[in-house]
Amino acid sequence: MANIELSKAYEAKEVEDNIYKKWEESGYFNPDNLPSQSEGKFVVCMPPPNVTGVLHLGHALENSLMDTELRYQRMKGKRALLIPGTDHAAVATQARVEGNLRKEGMLNPRQELGREGLLNKIREYAENSKTTILSQIRKMGTSCDWSRLAYTFDEPRSRAVNTLFKKMYDDALIYRGYRVVNWSVKGQSTCSDDELVYQPQKSKLYTFKYSADFPIAIASTRPETKLGDVAVAVHPNDERYQKYIGQKFTIDLGAKEKQTITIIADEAVDPKYGTGAIGVTPAHSQIDFEMYQKNKEISIVPVIGKDGKMLEAAGKYQGFGLLEAREKLVEWLKENNLLIKEEDIENNIGTSDRFGDVVEALPMEQWFVDVNKIIPGRNKTLKDLMREAVTSGHNNQEEKKIIINPDQFHNIYLHWIDNLRDWCISRQIWWGHRIPVAYCDKCQKNFYTEEESPLCPKCQAQARRDDDTLDTWFSSGAWTFSTLGWPDNKEELNKFHPTEWMQMGYEILFFWMARMILMTTYALDDIPFKNVYIHGILRAKDGRKFSKSLGNGLDPLEVINQYGTDALRLSLMKGITPGNDARFYEEKVEASRNFVNKLWNISRFILGKIEAEKVKNIKERPEAKTLADKWLLNKLDGIILKTTKELDNHNFSLAAEILYEFTWSDFADWYLEIAKIENGKDEILIYTLKTLLKLWHPYIPFVTEEIWNKLGEEKMLLIEKWPTVGKIHENDSNK
RNA sequence: GGGCGCAUAGCUCAGCUGGUUAGAGCACUUCGUUUACACCGAAGGGGUCCAGGGUUCGAAUCCUUGUGCGCCCACCA
């Protein structure tokens, strides 16, 4: 009887693709095909990568996390399901493609290509990118169910988006309103509050009076907006200004017809800051707009347009750029001795995350989700639902409480909800779910429709379909249930929703987690997931972020090519803790590659000295004959218990370290050396090896599966049972 | 302004609800070509666990103050 021979070193490149193919063909990535097991389900939705490009190391980390968790649960006997998918990433993708077209020399892609033409370009780009991404996910060894592959912009997901929109529209939680929104001049679109990136900048703060006889001085870094001022707000208890509250003044900033300024009182004003008075510009400030809503007596005067230039209401400055208008106005203030102070300050300015330009606050008609309105029949607002899910549990059910790991994000999330304003969901870009609403000019009404060119249901007149598209997070928010059959396939939904686990980076906590909770609690009256694992971001060795502009990025595929997927996965999983950033560099991968090879050589040694037939037949924990045997087996039992416990708590790094230490120091360096000089250790060697392969499989699936296969096992390691510590252990300790 | 996190060996980091000589990887020193592995083995050096104060029989671990670094939110008055 011959022994099994292994090559001297593990060659990842030669085996990984084949193994993945075998796994995929086995059908076991689909829980419906798993051998009958009754341990319950374990469902995870993959955070869908944006189809804006290729996968980076952050994605590799996420795939490692999800797949390790999934494989562990599958081996524990759960019906494990990981749903793969991609995200059309509305603004991000359109901005990317438009940028590329501009680089190729097209000045205005929207104008030159038109809606359909540009959409075709974007679609082409997205499809290419999608294909690449999906093959990369396979390369990572991710055991996801490809039969359930989803895309936020595909047919079933679009149906879910429309259904969801209609439900909210019918409940009047979605409304069309005239509000101050964030406007990107470059992108010619709105963006939500969360899409703003604040950047520090040096600016000048001007303190001045509107006119010589005006009693209160105000300060501003943007005097040009003062042409849109309609009021001055002071704190109601401010003794200096109390006597003026309610008075109206007429001013002339030398640019246009006279402006009327009303002195109003508002709690939002800090009497200690600046002059203790604010010039109120409802059209170009969020806070000022709120004052406008509260005070019926003041009006709203937009002076800045969508093109970023001054409007007609700015009088003689009409058509001027903002900076130009500012300079002229300041000059005028100086000339008229109205400027009191000019100081340099540092403040933050909101810029568009995707287009990069400074975002203007402009008032316009947009679609919003009302987060503060009572939901019909629920006696709660969307905000309430978002809070409840992480505090008392959805509908006050303890078992429907979302656990956030690490828990410091719990309060951050709640604090974010407190500050949450109505969510602007309409975007003036073309790549995305078209808003399913049309307007009838005759009836002056809008109505829900999915048709391109609908007729008004009331008067049968031709109606205009809304041109805008939905914020991409509207579809992402529905991800956990749109991927599981909602609204059509109730069976699938009942079987798998809510999901068990979700992992994501803290940078999209608000974007995504919050919206999933909002959408799911509202639409399904349930939570989207039970546990959220927040991971940090990966940084270069010097602590800087990986970025294209720095050129310090590492391509996961190149790392895999050089070291193997297992090495990459292990290096990503070791040394990470939830919520904290981790550094990633080549030496780490090298160390992991060395370990993978170590495991390979442990197997090579054992298989080289024991007959194949014997190897195959040993399944049970053998008897310990010597002190060393006993020590090793007891230690192994402890390792099984610890690894299981740490994995149950999602302490991936810790579990890996425990295993690493045992495998290398105890088993390889110590016990294997004993086995070289003492006989009768075959059973223990094989049993320990097999147990270790199972314990390691979630982290390094390829090499373990390959060795498992060499052992002559018939079943795949993929669906082997997770090791447990049985009775034998208790008997042993009595000896 | 409000909130959060981090500070442990040269470097990158583990150390959960406090308990024997503080750990790992990489790097370093010396030795070793013993047929599993040089992607290796053996031995070893290296830490006042940021600082001060406190709780405790006992603290890297809990409390408090401070210092340094990082992040989030608010803010364009």
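To find a chain, count down the sequence lines: A is the first, B the second, and so on, and within it residues start at 1.
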- prompt: Is the number of heavy atoms from other residues, nucleotides or ligands under 6.0 Å of A:Glu239 CD greater than 12?
  reply: no
field: Side-chain donor-acceptor pair present, A:Thr663, A:Trp696, cut-off under 3.5 Å
entry: yes
- prompt: With a 4.0 Å cut-off on heavy atoms, is A:Ala361 in touch with a base, just the backbone sugar-phosphate, or nothing at all?
  reply: nothing
query: At under 4.0 Å between heavy atoms, what does A:Arg421 touch on the DNA or RNA strands: base, sugar-phosphate, or nothing?
result: sugar-phosphate
query: Angle class for the A:Trp600/A:Tyr10 ring planes (parallel below 30°, perpendicular above 60°, tilted otherwise)?
result: tilted
task: Would you mind listing every salt bridge (Lys or Arg N to Asp or Glu O under 4.0 Å) that reaches into residues 405-418 of chain A, with sequence neighbours excluded?
output: A:Arg387-A:Asp418
Any N/O pairs under 3.5 Å between the protein and nucleotides 39-43 of chain B? List them or say none.
unit_1	atom_1	unit_2	atom_2	d
B:C39	O4'	A:Asn594	OD1	2.9
B:C39	O2'	A:Asn597	ND2	3.3
B:C39	O2	A:Arg593	NE	3.1
B:C40	OP1	A:Asn594	ND2	3.2
B:C40	O3'	A:Lys598	NZ	3.1
B:G41	OP1	A:Lys598	NZ	3.2
B:G41	OP1	A:Trp664	NE1	2.2
B:G41	OP1	A:Asp669	OD1	3.3

field: Phosphate OP1/OP2 of B:A77 contacted by A:Ser220 side-chain N/O (<4.0 Å)
entry: yes
- prompt: So is A:Lys328 actually on top of A:Phe320's ring, under 6.0 Å and inside 45° of the axis?
  reply: no
query: Under 30°, 30 to 60°, or over 60°: which ring-plane class applies to A:Phe214 and A:Tyr210, parallel, tilted or perpendicular?
result: perpendicular
query: Among A:Asn347, A:Asp344, A:Thr221, whose side-chain hydrogen bond (donor to acceptor under 3.5 Å, both in side chains) with A:Ser203 holds?
result: A:Asn347
Of the listed nucleotides B:A77, B:C75, B:U12, the one nearest the side chain of A:Tyr585: B:U12
query: Does NZ belonging to A:Lys341 count more than 12 external heavy atoms closer than 6.0 Å?
result: no
query: Using a cut-off of 4.0 Å on non-hydrogen atoms, how would the nucleic acid contact of A:Asn580 be classed: base, sugar-phosphate, or nothing?
result: sugar-phosphate
query: Once you round to the nearest 0.5 Å, how far does CG of A:Leu61 lie from NE2 of A:His535?
result: 5.0 Å
query: Reckon A:Ala268 touches a base, only the sugar-phosphate, or nothing at all at heavy-atom distances under 4.0 Å?
result: base
message: Quick check on B:A36: is either OP1 or OP2 less than 4.0 Å from any side-chain nitrogen or oxygen of A:Lys676?
response: yes
- request: Any salt bridge (Lys or Arg N to Asp or Glu O under 4.0 Å) involving residues 576-586 of chain A? Give me the pairs, sequence neighbours left out, ordered by first then second residue.
  value: A:Arg539-A:Asp581
- request: Measure from CG on A:Asp270 to P on B:C75 and round the result to the nearest Å.
  value: 14 Å
message: Any base atoms under 4.0 Å from A:Val269, or only sugar-phosphate, or nothing? Heavy atoms, all strands.
response: base
- request: Using the P atoms only, state how far B:C40 lies from B:G46, rounded to an integer number of Å.
  value: 25 Å
message: Side chains of A:Asp194 and A:Trp416 only: does a donor on one sit below 3.5 Å from an acceptor on the other?
response: yes
Restricting to nitrogen or oxygen on both sides, can you table the protein-nucleotides 67-73 of chain B pairs closer than 3.5 Å?
unit_1	atom_1	unit_2	atom_2	d
B:C73	O2'	A:Asn419	ND2	3.4

task: When you get a sec, tell me which of B:A77, B:C6, B:C37 is the closest nucleotide to the side chain of A:Lys8?
output: B:C37
Under 3.5 Å, side-chain donor or acceptor atoms of residues 665-672 of chain A against the rest of the protein: list the pairs with distances, not counting sequence neighbours.
unit_1	atom_1	unit_2	atom_2	d
A:Ser665	OG	A:Glu661	O	3.4
A:Asp666	OD2	A:Lys635	NZ	2.6
A:Tyr671	OH	A:Asp629	OD1	2.7

- request: Output yes when at least one side-chain N/O atom of A:Ser592 is less than 4.0 Å from OP1 or OP2 of B:G25, else no.
  value: no
Rounded distance (Å) that lies between atom P of B:A14 and atom CZ of A:Arg583: 11 Å
Point-to-point distance, once rounded to the nearest 0.5 Å, from CD1 of A:Ile640 to OG1 of A:Thr691: 5.5 Å
- prompt: Should the pair A:Arg179-A:Asp422 be classified as a salt bridge under the 4.0 Å nitrogen-to-oxygen rule?
  reply: no
Euclidean distance for P, B:G52 against B:A59 (whole angstrom): 15 Å
query: Counting only N and O atoms by type, is there a donor-acceptor contact under 3.5 Å from the side chain of A:Asp682 to the main-chain atoms of A:Ile610?
result: no
Give me, pair by pair, the N or O atoms of the protein and of nucleotides 8-10 of chain B that are less than 3.5 Å apart, along with how far apart they are.
none

query: Do A:Asp566 and A:Phe595 have side chains that get closer than 4.5 Å, going by heavy atoms?
result: no
task: Output yes when A:Glu290 and A:Arg421 qualify as a salt bridge under the 4.0 Å nitrogen-oxygen rule, no when they do not.
output: yes
query: Reading RNA chain B 5' to 3', what string of ( ), [ ], | and . shows its pairs, if Watson-Crick and G-U wobble pairs count only when both distances fall under 3.5 Å?
result: (((((((..((((.....[...)))).(((((.......))))).....(((((..]....))))))))))))....
statement: Contacts of A:Ser665 and A:Thr221 projected onto RNA chain B by closest heavy atom; the upstream (5') one is A:Ser665
Which pairs, protein N/O on one side and nucleotides 15-24 of chain B N/O on the other, fall under 3.5 Å?
none

query: Starting at CG of A:Leu362 and ending at C1' of B:C76, how long is that distance when rounded to a whole Å?
result: 14 Å
- prompt: Within the structure shown, what part of the strands sits under 4.0 Å from A:Val280 by heavy-atom distance: base, sugar-phosphate, or nothing?
  reply: nothing
statement: So the salt bridge (Lys or Arg N to Asp or Glu O under 4.0 Å) pairs with at least one residue in residues 219-228 of chain A (sequence neighbours excluded) are A:Arg222-A:Glu224, A:Arg222-A:Glu360, A:Glu224-A:Arg326, A:Lys226-A:Asp229
message: Measuring to OP1 and OP2 of B:C37, would you say a side-chain N or O of A:Arg604 lies under 4.0 angstrom away?
response: yes
- request: Kindly write out the residues that satisfy side-chain contact (heavy atoms from CB on, under 4.5 Å) with A:Lys8, not counting sequence neighbours, or none if the list is empty.
  value: A:Arg604
- request: Could you check whether A:Ile345 gets within reach of a base, just the sugar-phosphate, or nothing at all, counting any heavy atom under 4.0 Å?
  value: nothing
task: Using atom CG of A:Asn347 as one end and atom C1' of B:A74 as the other, report the distance to the nearest whole Å.
output: 13 Å
- request: Write down the distance between CD (A:Glu5) and C1' (B:C37), rounded to a whole number of angstrom.
  value: 16 Å
query: Between B:A14 atom C1' and A:Leu659 atom CG, what is the distance in whole Å?
result: 15 Å
Between the protein and nucleotides 60-63 of chain B, which nitrogen or oxygen pairs are less than 3.5 angstrom apart?
none

- request: For nucleotides B:U61 and B:A7, find the distance between their P atoms and express it as a whole number of Å.
  value: 11 Å
message: Please confirm whether the ring centroid of A:Trp332 lies under 6.0 Å from the ring centroid of A:Tyr317.
response: no
query: To the nearest angstrom, how far is A:Ile606 atom CD1 from B:A36 atom C1'?
result: 9 Å
task: Take atom CD1 of A:Ile278 and atom P of B:A77, then tell me their distance rounded to the nearest Å.
output: 8 Å
Residues forming a side-chain contact (heavy atoms from CB on, under 4.5 Å) with A:Ala655, sequence neighbours excluded: A:Thr643, A:Glu646, A:Leu647, A:Tyr699
